[in-house]
Each structure stands twice: as structure tokens, then as C-alpha cells.
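Beneath this line is the structure, given in C-alpha cells, with notes to follow.
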Amino acid sequence: MRDVPTTQMKVIEAIRNGLDVAMDLDPHLICYGLGIDDPKRIFGSTVGLAEKFGNGRVFDVPTSEAAMTGIAVGAALRGVRSVTVHQRLDFFFLAMDQLINNVAKWHFMFGGQRSVPIVIRLILGRGWGQGPTHSQSVHSWFAHIPGLKVVMPTNAADAKGLLLSAIFDPNPVLFLEHRWLHEAVSDVPSGDYRVPLGQARIVSEGGDVTIVAMSFLVPEAIRAAGLLARHGVGCNIIDLRTIRPLDWDTVSAGILKTGRLLALDSGLPICSVASEIVAFASERHFQSLKSAPRRLTMPDHPEPTSFGLTRGLHPSAESIADTVCEMLGLPHRFAPDPNAGPHDVPGAWFKGPF
Amino acid sequence: MRDVPTTQMKVIEAIRNGLDVAMDLDPHLICYGLGIDDPKRIFGSTVGLAEKFGNGRVFDVPTSEAAMTGIAVGAALRGVRSVTVHQRLDFFFLAMDQLINNVAKWHFMFGGQRSVPIVIRLILGRGWGQGPTHSQSVHSWFAHIPGLKVVMPTNAADAKGLLLSAIFDPNPVLFLEHRWLHEAVSDVPSGDYRVPLGQARIVSEGGDVTIVAMSFLVPEAIRAAGLLARHGVGCNIIDLRTIRPLDWDTVSAGILKTGRLLALDSGLPICSVASEIVAFASERHFQSLKSAPRRLTMPDHPEPTSFGLTRGLHPSAESIADTVCEMLGLPHRFAPDPNAGPHDVPGAWFKGPF
Amino acid sequence: MNTQLPNDPSLRLVREMLRIRMVEEAIAREYPKGEMRCPTHLSVGQEAVAVGTAAALERTDPAVSTHRAHAHYLAKGGDLKRLLAELFGKEAGCARGRGGSMHLIDLDVGFEGSTAIVGSTLPVGVGLALGIRVRAEAAVACIFLGDGAMEEGVFYESANFAVVRKLPALFICENNSYSVYSPLTKRQPHGRQIHDVVRALGLTTAAHDGNDVFGVAAAVKTAVQAIRDGGSPVFLEFSTYRHLEHCGPYPDDNLGYRPEKDVAAWKARDPIVQAQERLRDHPGFSGEVIERWRSEIAAEIDGAFAFARTAPWPDPSTRAEYVYA
Amino acid sequence: MNTQLPNDPSLRLVREMLRIRMVEEAIAREYPKGEMRCPTHLSVGQEAVAVGTAAALERTDPAVSTHRAHAHYLAKGGDLKRLLAELFGKEAGCARGRGGSMHLIDLDVGFEGSTAIVGSTLPVGVGLALGIRVRAEAAVACIFLGDGAMEEGVFYESANFAVVRKLPALFICENNSYSVYSPLTKRQPHGRQIHDVVRALGLTTAAHDGNDVFGVAAAVKTAVQAIRDGGSPVFLEFSTYRHLEHCGPYPDDNLGYRPEKDVAAWKARDPIVQAQERLRDHPGFSGEVIERWRSEIAAEIDGAFAFARTAPWPDPSTRAEYVYA
Ligand SMILES: Cc1ncc(C[n+]2csc(CCOP(=O)(O)OP(=O)(O)O)c2C)c(N)n1
Ligand SMILES: Cc1ncc(C[n+]2csc(CCOP(=O)(O)OP(=O)(O)O)c2C)c(N)n1
Ligand SMILES: [Mg+2]
Ligand SMILES: [Mg+2]
């Protein structure tokens, strides 16, 4: 990080701060989405913006996800950047035509004459009975599509820095925030702080196994590394930060360094980012792999609602550590922390219902 | 094939025949889609159906892809199966909310009480300037989603057999027909002929390399095998036929047999079915692989319109054969057939414009 | 456990509203204990639309609904124990704990499903109507929606198809003037009447007071009859008001997003209080009757909560089931 | 190559229609040679809407359009050579050969883009209007659509948002009664007027003869003025008719999907013939003028075809470009 003052902030505050900075920098930047100026302010991420920048630049919209996405394209063509927000990614399926046929392709299909610099914030749900239609993350879909950039921040500094880069990138960027990370605190540089898109972050530099992760799996991987360290196993953890374009150089270096790869994915398994990373590793680095590369993802079914069915649904520090031990032929297995709170909330701060 | 009379048919005729048989079998089955009863009859695939079964069962619809998909769900809940058709998959992006949040999940999210037995025909375009928005195949997206079944037939017999299985399957099935295969002719059993979903077909049993393919890449792989046979290379070609559920047993057997895997994909590369197959191979059969598994897909960008830009866009027999030789460390490289017709049409039968 | 219901239709309507109110209030009371762990949208204040509509439908008429479906489910006859068990995430839940409050189903009473994506059951409901037509049945498909769902394009597509094919579809729009915290004024143009838009689409429409259960029942009865007689699909708009927060168990008028005088005016027009007033001179109705209902219903609710609370979780080994039929 | 245009506005309208007609006919004539290898939707018969609309707009007013965009592009002032080069798939094409007939753009004249997915530019056009508002500009965003696009839900969403925010958006609906081969009667209820539906949404609307170029120009002029004066977004419906097949270069009346008498009646009301009749007594107009225009235009078209035909292909090594800016 550069030599600028930092403040401890939650992810959600860092996003708010990033929006504030961006709206100051670009007098035409607009922010809109259902509830953006309501009492809850998108989990707090837009507090004060409507007051500061006015209803012309920060406004609530009808429940019309498809049109609101195409409208962002049109505004961008007229020189007006935007940050749209959807309180759950699950609602954004309504906008797939606009996303794929217009947002992702406008630059290409008109021969590069226009670009569509827009940011779409998609909030990912999990637990507290979010269930099949309030918990989905199809980042792997988005990673499939040329023309899109896809960001999945893990901590507050990255959330702000990636958001500012996304806003001022000439391309459309999907910004996937996990609800469970919203309250995670870290030092955040003030002002126009940017983290480049397309650069992964090396979280830890162990030598035994390379763990590639995104979003809420990065803190799980870090916890797993802690468990494994007690057994002398060193983890090389890569936080992808950007899912597309993916930082293949950093991933390659990690694979070459340890010869062992575990790809984590916060979404469904089949045709996932984890699949892509494992495929890349075996296609490009076959000779350097010391053991079969592995994946750990959510299971191949929707998230059920019941508290009784969601325990162990997603990869956790323990399942990650177990898998690493399997890969290394070590006997250790890790039991869940008996003092952990209920498995379906990110922490005591989460009170439901949404 | 069973001991039933067969007739030589085009894929498109086999589909028509399958629909006809199914509508005879199930008096409540309906078929609808834009243009289903118009003079062109969906490239001929619905000829005569409106006349035989009446407008109550075979009908044209408004240009409303989202609603028409949800309507199929509702009809299915009332005991009415349907076959919907979209003349390009590209139009179906409008229906993603219905597909993901309702079609794929209805059975799961209501605890298995109701299923949604519907078939959605999606026609895939290519060439003749179909360009960025008339040539897409996101079968990899669909393969990502639990609750969906995804079929990609290659020949006329399979087209009919898979279609009939799809129609009478209790689950939603996406049936992806490639425009370039519509006129391919083969022997098709008459009557209620079914090919089970989820079973791949072993096309050829060579011992040197296993090629996994779908849709129009199967004939390309067969051509490639012909080229390679001249050099003594034997190809074990697997036609997936169903992309989800995928026949992992057959794929595994193929990998174990040859120790070499080339996964072809008719779609985009990242997070693709080819990625999944390569990931699976290296995760499960790492010790059995003699060389790095490989993928061959379309490039990571949209299909441009220009004739001058589409040559060599998709994998071809030659590029497949080249890749196999690379994998085997053989020096041979294959030039395109100088007598082949224009690269942007499937054959002389294709007159454009759509 | 459902005690003998009054034979008199008016009394039944009032009792059913009271029952739904008491169920919702019990959920609100219990929710903070953290046993019902799912997003939950209560219907307090909006009972009349659900009850009046269901009263005019046959049990076999299929219905679909939205995120705010408790009242629709119960009014249609959905099982209370299984509703609560669903909120508790139990295997005995109406969706086996897979769906939670936003995904209710009771096939025994034609409640075909409610879902959490705004607008997403609209075409499903029209599809039910199409199925009815294809099978030459006499049923009417009832489609509940909110004023917010009108903003989703799929509403227009669904309504258009229903008219083009003249399907037996009945849209029941509960216009409570809000989508979450957003008033209609931010989402739809000033002065627009929702039912006017729908009339232009070609449906038969009308707007009524959604807090008058007798009026609702009468309007829906007429509509259902017209549809069964082969008329156009019908869209009925009912104005009503939600008493509690959009999602969750608490009142939220402290947030100030709704004008105080609106809140007061609507609460003064509480559908249950109003209906009771209308029944003042009804021979079968009295303070004692109400009290008897209250205690019958309270007992039913207690029993249902006890059932839900003690019912077993789904077996975790079945978690991956029901993906394919 | 564009020769001196007539100063008289009426003459310009007619000449422009004639030019577009001749371009489309030339494309139809040349298409079977197999050099223009892309799906192509011709506008023959529908020129008046494009020409009348463009005449009432400023060059700087942005416009978006549909799969059937040649006339809109040309009327707005889009470059003919680059249009043809695009159809030929050449690097000199208006979209560098990436888009083909269905993806036209000419930023020099505010033609922001046409796309191939029905309805998909509707919100883009409204977004242009939003951008205009945010930047406090005086422009009007013109959004061309067909009668079929009205069936996509995104139309309603887009129109609603335009009204809610009172954006400077002008919808120009070319109602040619068909979506591919499907008549309106199969897709929309009998007796519905598209503009009535849109009026109920809150837009200012009117319906006009789309084959009367003078009427179109006058109606659009009034609408544009009202919008610039801060009025509601406007939706104008123009009835018109397509002479050739939906997609491709040929007539298709042999298929019998349109009543013969309709075809005959509409062809008798050819917008160019009608406009010429209306100009009979106009001093600057005569048979010779027409013939001069014809030969000027023919020369222009020949030149443009020669240009397109001989222009180089895009360099295959640039195929993966323009994915990211
Ligand atoms: C497609 C979609 N967008 C947004 C949401 C978030 N959301 C949940 S309920 C709701 C309000 C809908 O308002 P209305 O239809 O009037 O129903 P009400 O809550 O007033 O009963 C919204 C916007 C959603 N569930 N689905
Ligand atoms: C979403 C979508 N669905 C279907 C199509 C196929 N399609 C291409 S043009 C067209 C007709 C649209 O009719 P209309 O809007 O009236 O335009 P017209 O062709 O009459 O000018 C259709 C259905 C498409 N391109 N996009
Ligand atoms: Mg509401
Ligand atoms: Mg039309």
C-alpha cells in the first residue's frame, strides 16, 4: 500500500467511501438501484450519497432489472458512468439478455468504437435461510463471457480499491460482494485508492500447497493455513480478487512453487472457476504437478433453506485443511471449532432476516 | 439399435418425427414457439404438426421469451408437458430468471413435490455472418446448473431418440440443436425410439488418444480420426450427447484406456464443459494420464460477423488432428482441405440468410 | 385441530382473517428467538385480500404467490403446522425445509407455490391457466402479485399471453403502495392507475378496497364466474397496507418512510376491525364469539408451534435430494 | 459522392426515401451473389417512418434501432459506403465487419447502434435519454422499434422508467403488423391499439399513417419539440408495411402468410409513390427531377458497392480485438 493515511473500516464502509470518492471525482457518475436511498441504504453502503449528490445522481428505481441494466449501457454511451446495485445476485438473472448481448458485446460488435464503462454491484447471500433463490453466485457464468470483468473482493481495502478501479475502467465490471464479508474490518487508504483489476494477491507464501480462492473462501483458507501450520504444512494462498481477467501469471507461479494445487470455489462445482483453474494447471503445468490437483466447492445442488441442511454446505477452514492433508498424504483431520457460533451466520453482528 | 424399421432422415426431420410421435403418445403435450406454425416451420421441424394436432396444442406465441418459459412451468404443474423452441439460443438469455430460479429449482425448492417436465429447444447458429448475437452456445452455463438436463445431439437417430427421452423425462431438458447439423442424414428407427439421457456414445475405439466432443465437433473429430488414421494414430471418440448429467463413467473409461485426453468444446473456453472434463480427468485420473490433457474450443471472444474473420474460428478436423499430433509428439500437421466449400456454411444446402 | 368453522360465510371470512392475523403475530413474537431462520414477509394488515379471494375460489383452483405468501397459503386452506414447520426449517415443513417462508406449497388445497423473485410466478400462474385450458378443465388459476411486481416486464408478457389465448387466469394485485421502502411515487408515474394499464392490455379489470373482505369476496366471485363462463382473464387491484416491516417481525414506522398520517389512516381501516364493525348486527356474531375464536385459534397456533418446534430436522444425508425427479 | 441535396424540405424527404429504396433494392439484387454474408432485413416499404423521423431530429440527437435498421441508419445520415462495407464484412464497414447488417453504428450522425435481439436497444435508448438528462443536454434520444418489440417485457420497463424520470425519450414504433411471419392477431389481443397501452403507461402517444412521410415528419417534429420543452416522453405509432421477406432479399408473398388484398392495398400506398403524388404541383418537382435523382443515387450506390466490394477484409490477426477497451 502506498504511503497514504488509512482508516479502519468495514467492507461496507469501504464501498461507501469508494462510491463517495468516485462521485466526487466524476461529476457525471450516477448510482442507482432498488432501495439506494431508503432507510437501509443497501446495507449501509450508500449512506449519505443521495443527500450529498442529489436525486439526479443517486436514485431509487422500479423493480425492472432488465431495463435498468440496458439503461446503464445507454447512459454510458452518452458519457455517464454508473454504479448499479442488486441486493441479491439472484435478482440479476432477469438482466442476462442485457448483460450478455449488450453490456458484454457492445464494444466488440461495433468494432471498438464505444465502450461501456459501468459497474454492477451484485450482493451474494448465504445462510439464515436465504435458500435456493437468495444465495446464488454464478461468478463462473460471468467468467465464461468475454467482454465482462468480474471482481470478488475479500477485504475492505480491496473492496474500495477494486471498486474505484472498476468505476474508472473503460469496460463493464461486475462487482460481487459477499454479504458475509460486509462487516470485515481492515485498514483502508483514504482518497482515490485503486487496486488494479486482474491482479491476484498473494496472501501467504507457504511452500507445500497452493490454494487459490476468492471471496469468503479467502478467510477460510487463511484459517485453514493456521490449522495446517501447527502440523508444519505451509500454504501459498492466492486471493484471485478478479475472476475475469484472471491473473494466470500469479496462479502459474504458485503452482510452480509448490507443485500442488487446491482450487476453492464459493459457487457450484461444474464448469466453475475452480474447474478452469484445475484445467489450466493440468494443461499448462502437467509436469510440475506433484499430485493430482484438487477442487473444493459448494455441492452440486442449490442451497436449501433449513438450518438443518446448511451445515457444512460450503468449504470451511476444516474441510480445506482436510483436503490439503489428503493431498499431502498426511493423516490429520480437523474437527469444526466447538466454540464457533451458528453455522448459518457470518458472526454475531448478523441479525437476519435478510 | 433395436430391431425396428429405420428410415434415412435428416436431423431436422428426425426432430419433427420425434415431436409427432410424442404428441401422439401424450394427448396433452403442447408445442409452441415463435413461428412454429409459420411457412418456414422452424427450419421444417414442425411441418404438419399444427394441422394434425390443432392450434390448441401447436401454437405461435408473442415475442416474450421470459413469460413463455415460466408458462411452460405452470403448464407442467398442471400436467401439460411442452416443447418450446427458440430459433437462436441467443434469444433465450431473456428467460434466464425463469430458467434458473423456477425451471431448474422448482423440484428442489418445494421438497420434491412437483417436477417440471418440459423441453426447451435451442437452436445454435454459426457462420453466414450470424455474428455476435446469433451464434452463441452457453451450454457450459447450463451444465453449471443443478436441476437442468442438457442435451446436444449430433446425428438424426440421437436427435429423435434423445428428444423423445427428453420429452418424457420428469425433469426440464434443454435440447441444443446445431443449425449446421440439421441436414445431416442417418438411419432413424421409427416409432417411439428413445436414447437414454446421460449416456455418452463411443464413436470410435482407437487406442492412442481419447477425444471427448459434442454437437458439430463430433463430425469434425471423426474427420480428424480419418486424417490421423493415415498416420497410424487411433482415436477413441466419445460423443457426450448429454452435457448434464454427464456420463463420467464413459469418459473415465476412455481416459483410462488411452491415457491421453483431448476435450473439445463448441463454445467459449473459460469455465467450459471442456474445462470441466480436463479438471475431472486430472483430479481423478492424474496417475493414468500419459501427457497433459488438452482442450480445443472456440476462442475467448464473440463470433464476429465478417467472412474474413470467421475462418478457423472453431475447432476443425485439421486443428483437432494437429493437437493430437502435438500431444503424441508427432510431427504431422494438417492443411485444410483445398476442395472444401466456404468455411462459413455447413454445406451447399445452406443458402442463408439465417 | 381446526375447530368447527362457522357455517355463515361472513363469519368464516372474519374468523379466517383473525386466524391469519394471529398466526402472523405469533410468528412476529417468536421470530426473535432465532428458531425461524429465514427471510420472512408478514401479511399483517393485508388479510382481507387473501381471505376474500380464497373464499371465492374452489379448493381445486390452483394459486401461485409471492415472497409475502403466508396469508394466501393459509386462506387457500394450506396446512398451518406445515407452514410453521417450514419456517422452522423442519422436514415436516410444507417444502420439507428446502424453501422457507418464501417458498410455500400445499398441493392438497391447490396452493401450487410461492417464490421469492418478484414477478417470477406470474407466468407460472398463466401457465397453470394454459394447462387448465389444454386439459379442458373448469378451474381458474389465481395469481397473487404486489404493486412492485407490475414493474417487471414479465408481468406484461404474461398478461398479454393470457389475453391472446383467453386463458382462465385471475390476477389479484395487492397494492400496498410500497416495494420494500420505496413508495409508488418513485417507481411509477404520478397519477397512474395500475388497473388502467392492465385494462389497456385487454384484461377485464377493476379496483377495489382491499381492506373490505366482503367487497373483495364479492368482486372476486364475480370475476371467477366471468372467467369460468369463458370471459377474458381478469385483473383485480386491491388497495391495502402492510402494518409491519417489509421483511422481518417488527413494526418499522420509526424509520419514517411512510407518512404518519397514512399509517394512522390505514391502521384505522384495519380489515379485521372493519369487518367486525360490519357484523355488529349479525345474529351469529358477538364479543363472545370473537373471544371463543381467539382461544380456539390460539390453541391451534400453540399446537402448531409445538409441532414445528419439536419436529425433526431434515436428515442431512438427504441434502442433495430433489435436484432431479 | 452525395450530390447537392434539394433545399426544399419536402423534396429532400422524397429524395431520401428514394435513395433508401434504391439502396435496399440494390442490396436485394446483389445479395444472391453471396458476397453479403449476413442475415439482412430490408426496409423496402417502410422508408417514410425513417425519413420523416430523421428529418425532425438534429444530427446530434442520438438514435438506436433494431435488426431492421438500414433505413434508420441512412435517414439519420449514416455513411452509405460504410453500411455496404459492413454488409460485405469489410474492415471499412461501420462496425469494422464485426457486426454485419444487424449491428449498425455511425457516431458522426448520432446513430448509436442497432442490435439484433428484439427489444434489446429499448433500454439503451432510455439510457441515452438518462445520460442526456444527467449531463443537462438538450438532445432527444430516438428509439426505433417494431410492433413485435412491444411484446418484450423490457419495453414496459423501459417506458415506465422514462416516464418516472420524465426523460427526453422518443419512441418510434413501426407497426408493420408482422413479426417475421406472425401477424399481430396471433401475438396481441384483437382490437388492442399499441399506443393505447403506452398511453396508459403515462407516455404521450399518437398513432399516424407511417406511409405518409410528410405526416410522419410533422408528428415527430411536434413530439420532439414537446420533449425539448420538458414534456413527457413520447411514443408515436406508425402503421406501415414491409414489401419484401422478413429476412433476406426476396419477395415472399408466394408464401401466402399475408392476405393478398392487404399486400395489394399497402403496395398501392407505397410511401414514395404517395409522396410524389402529393408533390405533383410542387414547383421544384417533376419527372425530370426524379430521373436526375435516380441517376445521381444510382451512381452513388454503384460507387458505394465498388468501394465495399474492393475494400480489404479485416486482418484476421485482429479477430480477438475489441473485446476489452
Ligand atoms: C427480481 C427481484 N427484484 C428485487 C427483489 C427484492 N424484493 C423482495 S420483495 C420486494 C418488494 C416487492 O414489492 P411488491 O411486489 O409491491 O410486494 P410487497 O412486498 O409490497 O408485498 C422486492 C423489491 C426480489 N425479490 N426479486
Ligand atoms: C429476443 C428475440 N426473439 C426473437 C428474435 C427473432 N426475430 C428477429 S426479427 C423478429 C421480428 C420482430 O418483429 P418487429 O419488432 O415487429 O420488427 P419487424 O421485423 O416487423 O421490423 C423476430 C421475432 C430475436 N431477434 N430476438
Ligand atoms: Mg407492494
Ligand atoms: Mg413488425
Side-chain angles (χ1 to χ4, degrees), chain A residues 65-66 90-102 104-105 108-109 111 131-133 136 138-147 244 246 263 267-287 289 291-295 299-302 304-305, chain B residues 65-66 90-102 104-105 108-109 111 131-133 136 138-147 244 246 263 267-287 289 291-295 299-302 304-305:
Chain A
E65 286 79 2
D90 312 66
F91 310 157
F92 188 56
F93 288 110
L94 283 154
M96 281 306 119
D97 165 58
Q98 287 297 325
L99 182 74
I100 302 310
N101 287 323
N102 284 346
K105 295 196 178 58
F108 181 88
M109 72 190 173
T133 59
Q136 297 170 83
V138 292
H139 49 273
S140 301
W141 273 25
F142 302 145
H144 187 60
I145 303 298
R244 183 181 180 104
L246 205 144
L268 293 160
I270 309 285
C271 301
S272 63
V273 171
S275 310
E276 182 62 29
I277 289 170
V278 166
F280 168 85
S282 46
E283 206 174 10
R284 298 288 181 86
H285 301 298
F286 188 69
Q287 301 303 339
L289 290 172
S291 65
R294 291 286 298 273
R295 290 178 279 181
D300 192 22
H301 62 73
T305 297
Chain B
E65 286 79 2
D90 312 65
F91 310 156
F92 188 56
F93 287 111
L94 284 154
M96 280 306 119
D97 165 58
Q98 287 297 324
L99 182 73
I100 302 310
N101 288 323
N102 284 344
K105 294 193 179 60
F108 180 87
M109 72 190 173
T133 58
Q136 297 170 82
V138 292
H139 48 274
S140 301
W141 273 24
F142 303 145
H144 187 59
I145 304 298
R244 182 180 181 105
L246 204 142
L268 293 161
I270 308 286
C271 301
S272 63
V273 171
S275 311
E276 182 62 29
I277 289 169
V278 167
F280 168 86
S282 46
E283 207 175 9
R284 299 288 183 86
H285 301 298
F286 188 68
Q287 301 302 339
L289 289 172
S291 65
R294 291 287 299 272
R295 291 178 278 181
D300 192 23
H301 62 73
T305 298

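This one's a predicted model, so the numbers in the text were calculated from it and none came from an experiment. Lettering follows sequence order; numbering is per chain, from 1.
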Max heavy-atom pair count under 4.5 Å with chain A, selected residue of B:E65, B:Q287, B:E276: B:E276

Interface moiety of A:A143 toward chain B, non-hydrogen atoms closer than 4.5 Å: both

By side-chain contact (heavy atoms from CB on, under 4.5 Å) - contacts of B:P146 (at least two apart): A:L268, A:D300, A:P302, B:R244, C:V323

Residue among B:H144, B:R284, B:R294 with most heavy-atom pairs under 4.5 Å to chain A: B:H144

Option that, when pairs with chain A are counted at under 4.5 Å, heavy atom only, ranks first among B:L99, B:I145, B:V138: B:I145

Chain B interface, residue from A:S275, A:A95, A:C271 that has the most non-hydrogen pairs under 4.5 Å: A:C271

Considering all heavy atoms, the nearest A:S282-B:S282 contact: OG-OG, 3.0 Å

Heavy-atom pairs under 4.5 Å with chain A, option from B:R295, B:Q136, B:K105, B:H301 with the top count: B:R295

Engaged part of A:I277 at the chain B interface, taking heavy atoms whose separation is under 4.5 Å: neither

Nearest atoms (heavy-atom pairs only) where B:F93 meets A:M96: O-CB, 3.6 Å

Interface residue of largest heavy-atom contact number with chain A, from B:I270, B:T305, B:V273, B:L94, under 4.5 Å: B:I270

Value rounded to 0.5 Å, distance of CG in A:D97 from CG in B:D97: 13.0 Å

Heavy-atom closest contact (A:P293 atom, B:F286 atom, distance): CD-CD1, 3.9 Å

Flag, side chain of B:N101 to backbone of A:D90, donor-acceptor distance under 3.5 Å: yes

Ring pair (Phe, Tyr, Trp, His ring centres under 6.0 Å) partners for A:F280, two or more places apart: A:W248, A:H285

For chain B, the option from A:G111, A:A281, A:A279 that forms the most heavy-atom pairs under 4.5 Å: A:A279

Largest heavy-atom contact set with chain B, pairs under 4.5 Å, which of A:A263, A:G267, A:G147, A:S291: A:S291

